[in-house]
Amino acid sequence: MTSSTAAKTRRREAPADRPALLLAWYDRHRRRLPWRAAAGERADPYRVWLSEIMLQQTTVKAVGPYFEKFTSRWPDVSALGRASLDDVLRMWAGLGYYSRARNLHACAVAVLNDHGGIFPDTEDGLRALPGIGPYTAAAIAAIAFDRRTMPVDGNIERVVTRLYAIGEPLPQSKPRIQQMAATLLGPSRAGDEKSRAGDEKSRAGDSAQALMDLGATICTPKKPACSLCPLNEDCAGRARGDQETFPRKAPKKNGMLRRGAAFVVTRGNELLVRSRPEKGLLGGMTEVPGSEWRAGQQDKAALAQAPELKAVARWHRKAGVVSHVFTHFPLELVVYTANVAARTRAPDGMRWVAVATLAGEAFPNLMRKVIAHGLDL
DNA sequence: AACACGTGGAA
DNA sequence: TTTCCAAGTGT
């Protein structure tokens, strides 16, 4: 047997201890984030939950100020559970995916009313709450309650598909990824008293956060810094040289451009607004009145679609359009402005709000753009 | 299973 | 400029 064969054999018999390498790396390089406890300390379930909801499909940078605002105003889940939904939507405005805010509030109410203000400490218990899906349930269980479970988010999907060169595209590969990700969990800690399944104490939360930090800082979507990766010796993707091509995923289709009109109607220093329906796009958020948004439509017919605004005499069409891109379609809105007489009543379902207090309204960013365009802000 | 659901930043 | 995407969930 040659020495190189012997080395290969040895490696096969004693593979790198990836869970341990991962935790050792995490102990040196973990990111300091507002919702994370100090090393070795138990995280606050409320802060873990709040951060996990905010971080869904959202960058750490964008979440920072929102997390600060929320925790300052509502220091615990009971406080949030006693807040009004409107207040929560106003605080969430601008973060996107507004059903998260709705579910966040519903979840806080459920924890307060059904669980005495204490978060369930099991994955199943968490999973039953509004807005908590399989990822978030596992993340909270692992990070806040030391449950030995591995949440799989986008970062972990990327790291794992590269590590094992999983060529099957998402989402079909999800079960395989989940299975392989779980092998990166460290062993149960010794000295446990008997424990139920999945109840073993471990550093599961650290293992999960290690994988996320690795994905965020080293195993990045483009140009991964493999030379700095604690798992690089054993990475199948890197061995093949095509690590950047993982994870594979089906191409996404682009939505068609939709157009519509928005009406910025002022009455002195007040603006005419309404609330969107609770379900659907921008659900429950505040908007200025407008036409429907249709693919292929020009704006000619827009005014005709706003019968409740027929009374307005003088419309002024602002030059240019407001462009916005949603996940599934781009949007262009033309903006009409008008100023109406002092005691003009708001049409049914609409209300006047002071321009001075606009910043505190539950406007999604699209509406902030529209209003800024219409008011020349 | 596939699609709806926001936004801003990076390359 | 365009494309991709960032700690997913609900239906």
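Proteins come first, then strands; the chains are lettered A, B, ... in the order of their sequence lines, and each starts at number 1.
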Within residues 158-180 of chain A, those residues having any heavy atom closer than 4.0 Å to DNA chain B are none

So side-chain hydrogen bond (donor to acceptor under 3.5 Å, both in side chains) across residues 63-72 of chain A, not counting sequence neighbours, yields A:Glu68-A:Ser72

Grab the CD-P distance between A:Glu157 and C:dC5 for me, whole Å please.
-> 11 Å

Separation of C:dG10 C1' from A:Leu129 CG (nearest whole Å) = 15 Å

Taking the hydrophobic residues Ile, Leu, Val, Met, Phe, Trp and Tyr, and joining any pair whose side-chain heavy atoms are under 4.5 Å apart, which ones share a cluster with A:Leu23?
-> none

What residues join A:Ile118 in its hydrophobic cluster, counting side-chain heavy atom gaps under 4.5 Å, either direct or through other members?
-> none

How many Å lie between CG on A:Leu55 and P on C:dC5, as a whole number?
-> 18 Å

If you look only at pairs with a residue in residues 353-369 of chain A, which of them pass as a side-chain hydrogen bond (donor to acceptor under 3.5 Å, both in side chains), with sequence neighbours excluded?
-> A:His324-A:Lys369

Could you check how far CZ of A:Arg248 sits from P of C:dC4, rounded to whole Å?
-> 16 Å

Only distances under 3.5 Å count here; give the side-chain donor-acceptor pairs of residues 135-143 of chain A to other protein atoms, sequence neighbours excluded, each with its distance to 0.1 Å.
residue	atom	partner	partner atom	Å
A:Tyr135	OH	A:Glu52	OE1	2.7
A:Thr136	OG1	A:Gln56	NE2	3.1

Regarding A:Arg248 and the six-membered ring of A:Phe246, is the cationic atom NZ or CZ under 6.0 Å from the ring centre and inside 45° of its axis?
-> yes

Numerically ordered, the residues 25-37 of chain A set in heavy-atom contact under 4.0 Å with DNA chain B is none

Send over the distance from A:Lys223 NZ to C:dC5 C1', rounded to a whole Å.
-> 17 Å

Rounded distance in Å - CH2 (A:Trp49) to C1' (C:dT9) | 15 Å

For A:Pro171, all residues meeting side-chain contact (heavy atoms from CB on, under 4.5 Å), sequence neighbours excluded = A:Lys174

Sugar-phosphate, base or nothing in reach of A:Ile132, heavy atoms under 4.0 Å = sugar-phosphate

Using the C1' atom on both, measure B:dG8 against C:dT1 and round to a whole Å.
-> 16 Å

Is the A:Phe263 ring parallel, tilted or perpendicular to the A:Trp315 ring (thresholds 30°, 60°)?
-> tilted

Select base, sugar-phosphate, or nothing to describe what A:Thr136 touches, counting heavy atoms under 4.0 Å on all strands.
-> sugar-phosphate

B:dC5 versus C:dA6 - spacing of their P atoms, nearest Å | 22 Å

With a non-hydrogen cut-off below 4.0 angstrom, is A:Pro134 in contact with a base, only sugar-phosphate, or nothing?
-> sugar-phosphate

Give the B/S/- string for nucleotides 3-8 of chain B, one per nucleotide from 5' to 3', where a protein heavy atom under 4.0 Å of the base yields B, of only the sugar-phosphate yields S, and otherwise -.
-> SSBBBS

Apart from A:Tyr97 itself, what residues make up its hydrophobic cluster when side-chain heavy atoms of I, L, V, M, F, W and Y under 4.5 Å apart count as a link, directly or indirectly?
-> none

Of all residues at least two apart in sequence or in a different chain, which pass the side-chain contact (heavy atoms from CB on, under 4.5 Å) check with A:Ser173?
-> A:Ile166, A:Glu168, A:Leu170, A:Ile177

Considering heavy-atom distances to DNA chain C, does A:Arg127 or A:Ala216 have its closest nucleotide positioned more toward the 5' end?
-> A:Ala216

If a pair satisfies ring pair (Phe, Tyr, Trp, His ring centres under 6.0 Å) and one of its residues is in residues 108-131 of chain A, list it, with sequence neighbours excluded.
-> A:Trp49-A:Phe119

Calculate the interatomic distance between A:Glu123 atom CD and C:dT9 atom C1'; express it in whole Å.
-> 15 Å

Mapping A:Asn103 and A:Gln209 onto DNA chain C by nearest heavy atom, which one lands closer to the 5' end?
-> A:Gln209

Between A:Trp293 and A:Phe326, what is the ring plane arrangement, given parallel below 30°, perpendicular above 60°, and tilted in between?
-> parallel

